[in-house]
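Reviewing the structure listed below.
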Amino acid sequence: MTNNTAGLFKKSFNIVKDNPFITLYFVLYLIVLFLIIPVMLAGRNLFISSILGVLILLLSCAFMAGWFGMIKTATVAYQEDRTPEEKLNEAIRLKNNFFCSVSNYILPVIAGFVGLIALLYVQSYISDVLFGKIDYISAELSKFANDAEGFRNYLINMPKETWAVIFKKGIFTYLVCSFLTMLYLFWAASLYLNKQCSQNPFLALVNSIKAMFKKFFESILIFIFLIVLNFVLISVQGYYIENVVISFITMILRIYFAAYIIVLIFDLYEESQKDMPSDCCDRADCIRKDGALD
């Protein structure tokens, strides 16, 4: 790891630490999801469930549009030597950028999100063509929602051929999703921070792929860091699921980790965009309007 890369890891940690609204807004978004999703899944009315599904999609896109704007502001405006009062004032001003970014970036984020869903659908279709469909298993397992013994017996008696298909489809899905993750790694950062001052989501994907190859070592490092640490946190949370204190601490760490990874990606991309025209900030968001860079 180069000194510059190590410095970016430290800088990203300081950005998350000095801007509590980044994690606070993320927590509020997750709370809203936890309130809506159970209602959607428990509903027997297909129309209402569909409406709630669309609502979750729009809510997620709106949140991401605003949240990424906050992270862009924090990344661009970061200065290492600031007094506690200056850090507090910047954190308070930062939250105002959320709503400005929603109005500016909601449509590009929706387009990017729909594009990703389309790619995942193509992956699912190719998987079915290559290995066969096993949709009936989900329908069968749903019958044992309240029958643990029946659920276990069904899995035990499942034919080896079916297990082989599940394994192959799982490996294929994991590899494709890992590949898409690498392609989309810098997508949000390239949408908000690019030399062309563009809000084109498809150009952002092209720039994301270019940035991935340009920063290939750092991209692989972030990907491994993301997979390994997230696996460790999930394992700890699962192992101590009956321990309320440890489960809560692990959940908080996962939230901070998610925010940190996004900030790190923005920080790494921003570091390669030093010659970005200064008026991009004025046209693309509210960084200068709320005085965050004053």
Side-chain angles (χ1 to χ4, degrees), residues 1-13 15-16 22 26 60-61 64-65 67-76 78 101 105 107-124 126-127 171-231 257-277 280-281 284-285:
M1 183 186 300
T2 63
N3 292 332
N4 186 45
T5 303
L8 289 177
F9 273 81
K10 179 181 178 182
K11 176 186 173 184
S12 300
F13 176 80
I15 290 175
V16 176
I22 290 178
F26 188 37
S60 298
C61 290
M64 293 300 174
W67 197 50
F68 291 151
M70 293 177 66
I71 292 175
K72 173 189 175 179
T73 302
T75 301
V76 174
Y78 176 78
S101 298
Y105 287 95
L107 292 181
V109 170
I110 289 177
F113 197 79
V114 171
L116 179 59
I117 292 177
L119 290 175
L120 292 175
Y121 177 82
V122 171
Q123 172 270 319
S124 178
I126 294 176
S127 177
I171 293 296
F172 178 78
T173 300
Y174 179 79
L175 292 176
V176 172
C177 289
S178 297
F179 177 71
L180 291 178
T181 299
M182 292 296 295
L183 295 184
Y184 269 84
L185 191 64
F186 293 99
W187 179 81
S190 61
L191 178 64
Y192 286 73
L193 291 166
N194 61 82
K195 298 176 184 178
Q196 299 90 347
C197 304
S198 170
Q199 296 182 24
N200 186 325
F202 305 106
L203 178 61
L205 180 58
V206 173
N207 290 335
S208 175
I209 296 172
K210 291 180 180 178
M212 186 266 292
F213 283 106
K214 184 178 180 181
K215 297 285 186 179
F216 189 75
F217 170 75
E218 292 86 348
S219 300
I220 294 296
L221 189 63
I222 290 175
F223 182 76
I224 294 175
F225 184 55
L226 173 64
I227 296 298
V228 172
L229 191 52
N230 193 47
F231 175 78
F257 173 66
Y260 173 74
I261 285 294
I262 300 299
V263 171
L264 179 61
I265 291 172
F266 267 75
D267 205 16
L268 183 61
Y269 190 88
E270 192 268 340
E271 189 265 342
S272 67
Q273 301 289 306
K274 293 300 185 182
D275 55 344
M276 183 178 69
C280 281
C281 296
D285 54 38

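Positions are given from 1 along the sequence. Not measured: the values here are computed from a predicted model.
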With sequence neighbours excluded, residues passing side-chain contact (heavy atoms from CB on, under 4.5 Å) with [X]:
X	value
Ala189	Ile265, Phe266, Tyr269
Thr181	Phe223
Phe202	Asn200
Ser12	Tyr260, Val263, Leu264, Asp267

When rounded to the nearest 0.5 angstrom, what distance separates [atom1] in [X] from [atom2] in [Y]?
X	Y	atom1	atom2	value
Tyr184	Ile209	OH	CD1	8.5 Å
Leu185	Ile261	CG	CD1	8.5 Å
Ile222	Phe217	CD1	CZ	10.5 Å
Leu221	Glu218	CG	CD	7.5 Å
Met182	Ser208	CE	OG	9.5 Å

Side chain to side chain contact (heavy atoms under 4.5 Å, CB included), that's the test. Do Trp187 and Leu191 meet it? Break it down for me.
CA-CA 6 Å; Trp187 179 81; Leu191 178 64; 3.8 Å; yes

Closest approach of [X] to [Y] (non-hydrogen atoms, all atoms of both residues):
X	Y	answer
Ile15	Ala74	CG2-CB, 3.7 Å
Tyr105	Lys72	OH-NZ, 4.1 Å
Thr75	Lys11	O-NZ, 4.0 Å

So does [Y] get a backbone contact from the side chain of [X], meaning a donor-acceptor N/O pair under 3.5 Å?
X	Y	answer
Ser178	Tyr174	yes
Tyr192	Ala65	yes
Trp67	Ile22	yes

Who are the side chain to side chain donor-acceptor pair (under 3.5 Å) partners of Ser219, not counting sequence neighbours?
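Partners of Ser219 by the side chain to side chain donor-acceptor pair (under 3.5 Å) criterion come out as none, since no residue qualifies.
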
Could you list the donor-acceptor pairs under 3.5 angstrom formed by side chains in residues 107-124, with sequence neighbours left out?
from   : atom 1 : to     : atom 2 : distance (Å)
Gln123 : NE2    : Thr173 : OG1    : 3.0

